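In what follows, a single structure is set out as structure tokens and then discussed.
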Amino acid sequence: MVRHRNIGLMAHIDAGKTTTTERILFYTGVSHRLGEVHDGAAIMDWMEQEQERGITITSAATTCFWKDHSINIIDTPGHVDFTIEVERSLRVLDGVIAVFCAVGGVQPQSETVWRQADRYGVPRLAFINKMDRTGADHARCVEMLQSRLGCRPVLMQLPIGSEDAFQGVIDLITRQAMRFDDTSKGMTVLAEPAPAEMAEEIEAARQALVETACEFDDALMERYLGGEELSAAEIKSGLRAGVLKNAVVPVLLGSAFKNKGIQPLLDAVIDFLPSPQEATPMTGRDEAGQEVALKASSQEPFAALAFKLMNDPYVGSLTFLRVYSGKVCTGDTMVNAGRDRKERIGRLLRMHANQREEVKEVAAGDIVAAVGLKNTVTGDSLCSPERPLKLASMHIPDPVMGLSIRPVSKPLAEKLGQALHRLQAEDPSFRVEHDEQTNQTVIRGMGELHLEIIVDRLRREFKVAAEVGAPQVAYREAVNRPAAAEGRYIKQTGGRGQYGHCKIEIAPGEPGSGIVFQDKIVGGVIPREYIPAVEKGIKDACAKGVLTGFPLVDLTVSLVDGSFHEVDSNEQAFFIAGSMALKDAARSAGVGLLEPVMKLEVTTPEDYLGDVMGDLSSRRGRVQGMDSRPSVQVVTALVPLAAMFGYATDLRSSTQGRATFSMEFSHYEPLPASLAQEVIEKARAEREAGARGLAA
């Protein structure tokens with residue numbers, strides 16, 4: 001009997017996720033060569049842009065087999081600009097291997113992906129990689145897992161040797177040493193007694209491991225306290241119960257690049273991570289709005305979540321599906337529950353990175369790609385017609401940076417529009433907007449690299465050359481204080497007129513709260529059928545902003561009064577009245593600008609610390625902390641995104657290329673008044689230039 005695991009690998013950039021995945025594929029027989037990231041030969045990094053840059057850009061799926069288990073694996077990017085790839089992967093996975101560098105430990109993007117996994121309650125294993133590197137310290141990594149991530153790590157192994165003398169690991173459950181034969185590229189695992197000089201250290205670590213396992217099984221605890229020796233299977237059973245409850249995180253050690261520690265990691269996937277039947281059930285809402293928990297059984301009605309779209313040059317548009325219940329065959333018809341549209345499965349493909357294997361049927365627990373879906377996008381639910389369900393979707397981050405873009409020639413304009421539409425369908429964190437005030441097409445993404453890759457793909461995949469403007473920060477508008485206003489839209493024509501009238505009160509909301517609309521109408525002064533139109537008008541006005549064209553956010557709006565006309569009132573009139581009221585109220589309240597602030601971590605040799613600190617200060621950076629590591633200093637700071645353009649080049653120049661940095665979005669905060677005025681004036685000038693262009 002073949003059983004399933006759906007797992008992913010997540011980590012900070014350069015922790016070794018893709019190399020670990022490549023070794024898994026090699027040891028499970030999927031590949032017959034060791035693909036290396038640094039020479040552009042990694043199977044999972046199949047895009048040209050990935051091979052050139054040596055980073056993962058898009059999540060890649062594959063399937064392998066280990067000890068009668070089928071393991072679906074998704075290798076996710078580590079760069080923060082491609083965080084949507086991690087987000088949508090975690091939404092559909094049952095377990096995750098979190099990879100950490102033995103030298104760097106818990107790094108900024110490690111924290112980000114960990115929080116993403118927390119959002120979906122995904123059980124985890126930790127793999128401390130690069131144990132062969134100078135400065136490797138597994139004990140420090142375990143301490144950082146506890147202090148920075150707030151988890152409860154359980155050390156499963158101890159290292160044999162350290163840094164360049166790292167030879168293998170000691171399994172604390174069996175007390176056996178495992179060495180990995182270099183002549184067979186690590187394929188041969190040599191089991192032998194543990195070194196006698198480590199006996200005391202092994203027993204202390206094993207006791208902590210066994211005590212943790214017993215906490216999740218009362219019968220085991222009773223036997224352990226009674227002095228009985230627990231079997232390996234019993235210890236694993238206790239730990240598994242803890243992992244499934246997300247209460248503990250088993251920690252394993254190794255060096256993927258040196259072919260050490262991968263087989264025990266695969267064993268841990270089987271031993272501790274859940275099967276689809278054991279994972280937290282996916283929930284959905286039926287047509288009556290009632291919550292339904294799905295059973296991972298092929299006997300149930302079909303239900304699946306579309307979590308990724310990809311354009312394949314040979315097959316066309318692929319829609320990646322995670323099947324949560326039931327089964328589906330090629331040619332079957334299903335319902336897109338959120339859009340109330342029928343979809344027919346043309347072909348079903350099991351993906352191995354960018355290679356395809358056609359299958360005729362898939363069932364609960366499978367992850368596959370479907371061909372032929374016309375009206376399905378990321379986050380949509382596909383279900384059997386007899387049980388339409390809208391499944392819980394995923395969190396999609398808002399872009400923080402934009403670029404104006406235009407084709408190099410007018411004949412390419414339509415082709416550019418089509419290409420951008422397809423890229424937007426693939427990547428929900430990428431947005432395309434047409435600014436009517438400036439008459440520009442603006443693309444928005446998660447950072448400079450994200451938009452650079454988009455422009456590169458336009459040129460290579462879609463054969464569209466485009467000119468781009470300077471990077472633009474995605475500012476936000478926010479009101480300063482409460483205010484009230486009314487919107488009155490009355491238009492009389494020869495026939496039927498227009499009448500919409502509403503009064504609103506606004507107040508600043510909590511950071512990240514979005515636009516909160518409250519209906520406080522009593523006595524029917526505005527009929528119920530017009531209130532959604534008022535809300536829509538308010539939210540439309542917020543999306544366009546009041547001062548600069550940037551969205552107005554974090555606002556509570558209360559609809560408190562209004563009036564209507566028996567004949568002339570309609571939804572359009574109340575939509576316009578709501579929009580007018582919001583703009584007037586915002587102006588009365590005073591509008592300020594918010595800017596995106598990034599969390600920055602710079603790793604620099606001690607000699608250049610002063611230069612790095614001085615540069616951060618000049619960029620309005622606020623140092624949050626410093627950490628000494630072997631031969632380097634790690635500086636953590638909060639820095640406005642607007643001040644970070646070109647930072648990579650400046651840092652390389654000031655440190656002779658020896659410092660590195662990583663950066664991720666942290667939060668929005670008020671922009672200083674003097675700088676805000678510059679942004680407002682620039683936005684006004686662009687709108688005026690756009691208006692002149694339209695007039696011409």
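What's counted below: heavy atoms across the whole structure, side chains too, no hydrogens, waters or symmetry copies. For clarity, every value in this text was computed on a predicted model and none was experimentally measured.
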Find out whether [X] and [Y] are in side-chain contact, i.e. whether some heavy atom of one side chain is under 4.5 Å from a heavy atom of the other.
X: Glu111; Y: Lys599; result: yes
X: Asp267; Y: Lys67; result: yes
X: Lys374; Y: Arg344; result: no
X: Leu638; Y: His667; result: yes
X: Glu601; Y: Gln624; result: no
X: Pro264; Y: Asp171; result: no

Under a 3.5 Å threshold, yes or no: a donor from one side chain and an acceptor from the other, between [X] and [Y]?
X: Glu278; Y: Ser275; answer: yes
X: Ser325; Y: Arg387; answer: yes
X: Thr376; Y: Glu343; answer: yes
X: His4; Y: Asp94; answer: no

[X]: partners by side-chain contact (heavy atoms from CB on, under 4.5 Å), with sequence neighbours left out:
X: Glu361; result: Lys327, Cys329
X: Ser384; result: Pro301, Phe302, Glu386
X: Arg152; result: Thr212, Glu215, Phe216, Val248

Where do Leu309 and Glu426 come nearest, in terms of heavy atoms and distance?
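Of all heavy-atom pairs spanning Leu309 and Glu426, the closest is O-CG, 3.5 Å.
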Does the pair [X]/[Y] count as a salt bridge with the N-to-O cut at 4.0 Å?
X: Arg457; Y: Asp427; answer: no
X: Asp398; Y: Arg431; answer: yes
X: Asp118; Y: Arg124; answer: yes

For the atom pair [atom1] ([X]) and [atom2] ([Y]), what is the distance rounded to the nearest 0.5 Å?
X: Ile84; Y: Gln116; atom1: CD1; atom2: CD; value: 8.5 Å
X: Cys64; Y: Ile71; atom1: SG; atom2: CD1; value: 4.5 Å
X: Phe517; Y: Thr556; atom1: CZ; atom2: OG1; value: 12.0 Å
X: Ile73; Y: Thr63; atom1: CD1; atom2: OG1; value: 8.0 Å
X: Leu273; Y: Arg240; atom1: CG; atom2: CZ; value: 8.0 Å
X: Leu209; Y: Leu155; atom1: CG; atom2: CG; value: 8.5 Å

N/O donor-acceptor pair under 3.5 Å between Asn336 side chain and Lys342 backbone:
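Looks like no, no N/O pair under 3.5 Å.
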Please check this pair: side chain of Arg23 against backbone of Ile262, looking for a donor-acceptor N/O pair closer than 3.5 Å.
no
Please identify each residue that fulfils ring-ring contact (aromatic ring centres under 6.0 Å, His included) with Tyr120, with sequence neighbours left out.
none
Can you name the residues that form a ring-ring contact (aromatic ring centres under 6.0 Å, His included) with Phe272, not counting sequence neighbours?
none
Using the salt bridge (charged side-chain N to carboxylate O under 4.0 Å, His left out) criterion, which residues pair with Glu448? Sequence neighbours excluded.
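Here no residue qualifies.
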Counting only heavy atoms not in [X] (residues, nucleotides, ligands), do more than 12 fall under 6.0 Å from its [atom1]?
X: Arg339; atom1: CZ; value: yes
X: Arg422; atom1: CZ; value: no
X: Glu358; atom1: CD; value: yes

Check whether NZ of the Lys or CZ of the Arg Arg322 lies under 6.0 Å from the centre of the six-membered ring of Tyr324 and within 45 degrees of that ring's axis.
yes
Begin with the C-alpha distance, continue with both residues' side-chain angles, and end with the deciding distance and a verdict on side chain to side chain contact (heavy atoms under 4.5 Å, CB included) for Phe127 and Leu9.
CA-CA 10 Å; Phe127 179 59; Leu9 282 86; over 6 Å; no
Just say parallel, tilted or perpendicular for the rings of Phe100 and Trp114, cut-offs at 30° and 60°.
tilted
